[in-house]
Amino acid sequence: MKYINNKLSIEKINFQKIANKFETPFYSYSYSKLKENINNFKNSFKSFSPLICFAVKSNTNLNIIKEIKKLGLGADVVSQGELMMALKAGINPNKIVFSGVGKTSNEISFAIEKKILLINAESLSEVKEINRIAKFKNRKVNIGVRLNPDTDAKTLIQISTGKKENKFGVNKSILYEIINYCNNSNNINLKCLSVHIGSQILDYKPYEKMLKTVSQILSKTDHSFEYIDLGGGMGITYSNKNKKLNYKKYNTAILRFLKIHKVKIIFEPGRSIIGNTGTLVTKIIYIKESGKKDFIILDAAMNDLMRPALYGAFHKTLPVIKSYKISKKIYEFVGPICESTDKFITLKRFQKLKEKDLIAICDVGAYGMSLSSNYNLRPKLLELLIKGSKIIVIRKRQNYKELI
Ligand SMILES: *Cc1c(COP(=O)(O)O)cnc(C)c1O
């Protein structure tokens, strides 16, 4: 995204032009950025060609998943709905892994029917349930087990998953119990050890520590795992103040690991694939003055983009048409929803705004649309894929008939 003649542009088209054609608010995604992200990810780890499973929960748009599939990725899913979506996008079941702490019997049964690569179990009870269903179906099912490595990912507390106080995965002693259980089962093939320590991770050191823990565990068991699933969590640059994750160092740590353990590596990236491809374009409905600050009331709200309200997340916020007049007021960008947390960002020294101006909220490709809701009975937004100068509607705006 860049300004061309003071107009914020994506690929070969500017947002003003797109907004003239479609009403605001809408999500738009850049295809070339998506492709670049996937190629960069592949290149970072090319020496051991991992299986890269896109974490579907970060963006559940069917057409986005289709594009990601065409670029060679598999899928990491966390519900039957996501599994069905991945299959509908044409992703081969042998490139699909199923994660999550609370898979129901129906979901497990469905996953077994579809012959996916791995069901990554997160408790002994779940392993037993998979065993029961597999036995009933007279099948042998490939599973993974998720370890909680008790590693601090040094990320936001709300999106940290790899510490012992988090609900995810099992501890070492239960892991050994599960290995034992699986070795005595005719219906379960324990093929994978998985870890996922959190999201928006910008420091490679927690990954290094996680690998060390996995390595120690592997050395202490004679069970041979075919796969190690390292999860996702690679962070992106939301703010220019962010440091960047050092993929080289992460790659080096994995290569060191692979010298000792002959396994195939799986990754489950979500945010790092789709996060920076997406922009939410919204229009100022009203500007309300209030002492030193002005409320910039947008037509997008927390139901369309939850991250600021949910995690206090920062999203770069830009004017679609750039001017050089700076406002003396503090601007608080808010939505129309009846909640005080319906607030995107507060900025000083922004350019002077007026009603009907367009605003772009950046880096919303991951956990943007997929976390959106109909709260306040607001329709789900339009989604557009931009390829060069082509605009493709990849999801229509929900209409009121569907909603009511
Ligand atoms: C959410 C999740 C991911 C993806 O995380 P990102 O931070 O988007 O890369 C991968 N694996 C599991 C098990 C997850 O829950």
Side-chain angles (χ1 to χ4, degrees), residues 34 37-38 40-41 44-45 50-61 64-65 68 73-79 81-83 85-86 95-103 107 111 116-123 126 143-149 151 153-163 166-170 192-204 206-207 210 214 227-238 242 244-245 247 250 265-278 306-307 310-311 313 363-371:
L34 174 63
N37 290 343
I38 291 179
N40 286 345
F41 196 97
S44 301
F45 304 108
L51 171 62
I52 306 168
C53 295
F54 173 63
V56 169
K57 75 170 189 283
S58 65
N59 191 306
T60 48
N61 184 289
I64 294 277
I65 303 166
I68 288 172
L73 272 53
D76 164 50
V77 301
V78 291
S79 69
E82 285 189 7
L83 174 50
M85 193 65 98
K95 281 184 162 184
I96 299 179
V97 300
F98 193 169
S99 311
V101 293
K103 300 176 203 78
E107 288 180 313
I116 64 170
L117 180 66
L118 293 165
I119 301 175
N120 282 342
E122 303 211 15
S123 62
E126 185 187 346
I143 72 161
V145 60
R146 177 164 171 185
L147 171 76
N148 184 325
T151 306
K154 303 258 189 312
T155 182
L156 286 175
I157 191 157
Q158 301 96 324
I159 52 177
S160 174
T161 58
K163 294 185 76 183
N166 300 129
K167 69 180 174 185
F168 302 98
V170 299
C192 175
L193 184 62
S194 86
V195 276
H196 172 73
I197 57 173
S199 200
Q200 185 54 15
I201 297 169
L202 294 166
D203 184 355
Y204 72 94
Y207 283 128
M210 164 188 102
V214 173
Y227 300 98
I228 299 297
D229 180 342
L230 297 176
M234 295 81 174
I236 62 170
T237 311
Y238 284 109
N242 279 165
K244 279 200 167 75
L245 175 64
Y247 279 82
Y250 189 16
I265 296 291
I266 299 174
F267 285 117
E268 304 167 344
R271 192 189 308 274
S272 52
I273 300 297
I274 196 71
N276 65 3
T277 70
M306 264 298 260
R307 296 190 73 255
L310 191 60
Y311 313 127
D363 306 313
V364 296
Y367 309 105
M369 191 65 183
S370 69
L371 259 169

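What you see is a predicted model, and the numbers here were worked out from it, not measured in a lab. Atoms within a ligand are numbered from 1 in the order they appear, just like the ligands themselves.
Here the side chain of Thr277 pairs a donor or acceptor atom with the backbone of Ile274 at under 3.5 angstrom.
At least one heavy atom of Asp76 sits under 4.0 Å from some atom of ligand 1. Judged by the shortest distance from any of its heavy atoms, Gly233 lies inside the 4.0 Å radius around the atoms of ligand 1.
For atom 14 (C) of ligand 1, the closest heavy atom belonging to the protein is Lys57 NZ, 2.8 Å. Atom 8 (O) of ligand 1 has Tyr367 OH, 2.6 Å as its closest protein atom, hydrogens excluded (heavy atom only).
The shortest N/O to N/O separation between Ser199 and ligand 1 falls below 3.5 Å. At least one N or O atom of Arg271 sits closer than 3.5 Å to an N or O atom of ligand 1. For the pair Gly270 and ligand 1, the shortest N or O to N or O distance falls below 3.5 Å. Remark: ligand 1 and Glu268 share an N or O pair separated by less than 3.5 Å (distance only, no angle test).
Near Ser99, meaning under 4.0 Å from one of its heavy atoms, ligand 1 places the atoms 13 (C). Listed by atom number, the atoms of ligand 1 under 4.0 Å from Pro269 heavy atoms are 9 (O). Within ligand 1, counting atoms from 1 as listed, the ones closer than 4.0 Å to a heavy atom of Gly232 are 9 (O), 10 (C). Residue-ligand proximity, Ala55 to ligand 1, at heavy-atom distances under 4.0 Å covers atoms 3 (C), 4 (C). Interface of Arg146 with ligand 1, defined as ligand atoms under 4.0 Å from a residue heavy atom, comprises 13 (C).
A cation-pi arrangement is not found for Lys57 relative to Tyr367, the charged atom failing to lie both closer than 6.0 Å to the ring centre and inside a 45° cone about the ring normal.
Minimum heavy-atom separation, Gly232 to Tyr207: O-OH, 2.9 Å.
Side-chain atoms of Thr237 and Asn242 include no donor-acceptor pair closer than 3.5 Å. At a cut-off of 3.5 Å, with distance as the only test, a side-chain donor of Asn276 or Asn37 sits close to an acceptor on the other residue. In this structure, a donor-acceptor pair under 3.5 Å is absent between the side chains of Ser99 and Arg146.
Ring geometry for Tyr250 against Phe45 counts as perpendicular: the plane angle is over 60°, on a 0 to 90° scale with 30° as the lower cut.
Between Ile273 and Leu34 there is a side-chain heavy-atom pair separated by less than 4.5 Å.
A distance of 6.0 Å or more separates the ring centres of Tyr247 and Tyr204.
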